[in-house]
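Before any comments, here is the structure.
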Amino acid sequence: MPDIMPEFSQNANNMHKSVIRELLKLTQQPNIISFAGGLPAPETFPTKDLADAANRVFQKNAETALQYGATEGDNQLKAELIKYETSRGLHVETKNLLITSASQQALDMIPKIFLNPGDCALAERPTYLGAIQAIQSYQGRIIGIPSSNDNDGFNMIELEKRYERAKAHGDRIKYIYIIPDFQNPSGICWSLEKRKAILEFSYREKLFIVEDSPYREIRFIGEEIPSLYELDQKGKNMGNIIDLKTFSKILAPGTRVGWILGREDVIQKLVTAKQAVDLCTSPFTQMWIAEYLATGKLEALIENTRNIYREKRNFMLTMLDKYMPKRYDLTWTKPEGGLFLWITLPHYIDTEKMFYKAVEKQVAYVIGSAFYFDNPEHNSMRINFSYSSFGQIEEGVKRLASVIGDEIKAHEAGPRGQTTPEGI
Ligand SMILES: Cc1ncc(COP(=O)(O)O)c(C=O)c1O
């Protein structure tokens with residue numbers, strides 16, 4: 001069999017298989033408690049209301065639902081989304097809106113329309129793996145910016161330094177990609193001050209910001225902070241924010257529907273890109289969601305989801321306090337929203353190597369290094385609190401704490417049973 005690799009395009013050869021997916025195959029056994037996936041709690045899905053909405057679409061409009069639709073999206077869904085965004089303080093017109101087959105499609109189309117091979121995007125490090133994969137599949141590069149010590153957004157000094165260094169090196173930087181609300185994987189939420197600072201930076205450097213907001217509505221503690229899209233719209237209104245939204249975390253990910261807010265010329269270019277990708281998002285699905293939104297039940301559903309996640313997050317934090325070894329170099333975030341906690345372990349623990357031991361003890365997480373695109377850090381992990389039951393959270397944390405405890409003990413015993421300097 002001849003080597004097939006040269007036959008694939010450079011773009012295809014630049015796509016990297018997700019380490020996560022490979023490791024997750026190991027977690028399919030029945031008794032594993034998996035904190036690895038990013039799955040919403042199934043008990044939040046409004047199954048009866050969605051079934052009724054689907055029936056109404058078939059009763060009222062089956063032929064349109066089963067036909068091809070406009071690439072821009074279904075008019076009824078767009079009208080519902082304009083109502084939704086207006087209720088959240090935004091001014092949105094149809095020309096600023098594109099329906100997508102959920103946010104992952106948007107994350108693929110953005111580098112498709114902006115990046116030539118070698119062009120760069122600035123992004124948080126670590127960041128969402130799906131965005132990294134999409135950028136790399138167009139031979140784009142990512143310049144990573146670490147977060148500040150306060151975990152409230154970019155370290156702005158590093159941003160300026162790394163940006164200047166890249167420019168001096170001749171790099172073409174096209175946009176900034178950030179997840180300001182309850183970031184995946186870290187759970188970090190950008191402060192108002194940092195949002196304003198990155199906005200000013202983007203104006204000064206004439207850069208677009210891609211604001212990826214799947215978790216925005218899932219704030220269960222504290223006050224909502226305006227999105228970058230809103231801050232720009234109510235401030236200088238430069239129109240350089242492209243906001244990605246999705247029904248995956250506020251309704252159900254199986255709907256595979258999201259939307260993009262942006263200036264008209266960007267939306268138009270994305271429409272052209274989408275034509276080549278899938279012609280249109282499923283008309284039936286769009287009409288189904290529009291029908292559900294027309295019931296006016298989404299806000300109550302989101303409130304219910306927030307309540308469930310707040311309880312699960314609090315319970316997981318309590319379990320971590322109860323079972324984890326108590327050490328200054330073993331810490332975790334306490335997010336005010338979203339689905340994830342980020343755990344940082346003593347520097348000598350490699351969470352990829354430890355993963356196999358965790359699976360033996362029937363617990364799984366996502367290795368932190370999967371979220372880095374440059375010089376990965378190996379002593380972190382992401383754990384999800386939305387999916388597991390309370391019982392699974394307690395048992396899973398207990399198992400995880402025992403695996404971590406064993407690693408620490410083995411390290412402190414040293415190769416000959418002696419304490420190493422790090423263990424002192
Ligand atoms: C930050 C981020 N962006 C985008 C997505 C993709 O979401 P969707 O289900 O809308 O494709 C995810 C999924 O978990 C995510 O965490």
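Indexing begins at 1, ligand by ligand and atom by atom, following the structure's order. Each residue takes its place number in the sequence, starting with 1.
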Let me have the donor-acceptor pairs involving side chains of residues 107-117, under 3.5 Å, with sequence neighbours excluded, atom names and distances please.
{"unit_1": "Asp108", "atom_1": "OD1", "unit_2": "Tyr138", "atom_2": "OH", "d": "3.4"}
{"unit_1": "Asp108", "atom_1": "OD2", "unit_2": "Tyr138", "atom_2": "OH", "d": "2.8"}

Check: Lys249/Thr305 side-chain N/O donor and acceptor closer than 3.5 Å =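 Note: Lys249 and Thr305 side chains miss the donor-acceptor criterion.
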Discussion item. What I'd like to find out is whether the side chain of Ile99 reaches to under 4.5 Å of the side chain of Asp74, using heavy atoms alone.
Written reply: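 Side-chain contact under 4.5 Å: no.
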Can you list, pair by pair, the side-chain donor-acceptor contacts under 3.5 Å of residues 332-341, counting residues two or more places apart and other chains?
{"unit_1": "Thr333", "atom_1": "OG1", "unit_2": "Ser186", "atom_2": "O", "d": "3.4"}
{"unit_1": "Thr333", "atom_1": "OG1", "unit_2": "Trp342", "atom_2": "N", "d": "3.0"}
{"unit_1": "Glu336", "atom_1": "OE1", "unit_2": "Arg219", "atom_2": "NH1", "d": "2.9"}

- Query: What residues form a ring pair (Phe, Tyr, Trp, His ring centres under 6.0 Å) with Tyr372, not counting sequence neighbours?
  - Reply: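 With sequence neighbours excluded, Tyr372 shows a ring pair (Phe, Tyr, Trp, His ring centres under 6.0 Å) to no residue whatsoever.
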Parallel, tilted or perpendicular for Phe220 and Phe385, by the 30°/60° rule?
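Aromatic pair Phe220/Phe385 classed perpendicular.
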Using a cut-off of under 3.5 Å, which N/O atoms of ligand 1 pair up with protein N/O atoms, and what distance separates each pair?
{"unit_1": "ligand 1", "atom_1": "3 (N)", "unit_2": "Asp212", "atom_2": "OD1", "d": "3.4"}
{"unit_1": "ligand 1", "atom_1": "3 (N)", "unit_2": "Asp212", "atom_2": "OD2", "d": "2.6"}
{"unit_1": "ligand 1", "atom_1": "9 (O)", "unit_2": "Ser248", "atom_2": "OG", "d": "2.6"}
{"unit_1": "ligand 1", "atom_1": "9 (O)", "unit_2": "Arg256", "atom_2": "NH1", "d": "2.8"}
{"unit_1": "ligand 1", "atom_1": "10 (O)", "unit_2": "Ser103", "atom_2": "N", "d": "2.8"}
{"unit_1": "ligand 1", "atom_1": "10 (O)", "unit_2": "Thr246", "atom_2": "OG1", "d": "2.6"}
{"unit_1": "ligand 1", "atom_1": "10 (O)", "unit_2": "Ser248", "atom_2": "OG", "d": "3.3"}
{"unit_1": "ligand 1", "atom_1": "11 (O)", "unit_2": "Ser103", "atom_2": "N", "d": "3.3"}
{"unit_1": "ligand 1", "atom_1": "11 (O)", "unit_2": "Gln104", "atom_2": "N", "d": "2.9"}
{"unit_1": "ligand 1", "atom_1": "11 (O)", "unit_2": "Arg256", "atom_2": "NH2", "d": "2.9"}
{"unit_1": "ligand 1", "atom_1": "14 (O)", "unit_2": "Tyr215", "atom_2": "OH", "d": "3.3"}
{"unit_1": "ligand 1", "atom_1": "14 (O)", "unit_2": "Lys249", "atom_2": "NZ", "d": "3.1"}
{"unit_1": "ligand 1", "atom_1": "16 (O)", "unit_2": "Asn184", "atom_2": "ND2", "d": "2.8"}
{"unit_1": "ligand 1", "atom_1": "16 (O)", "unit_2": "Tyr215", "atom_2": "OH", "d": "2.5"}

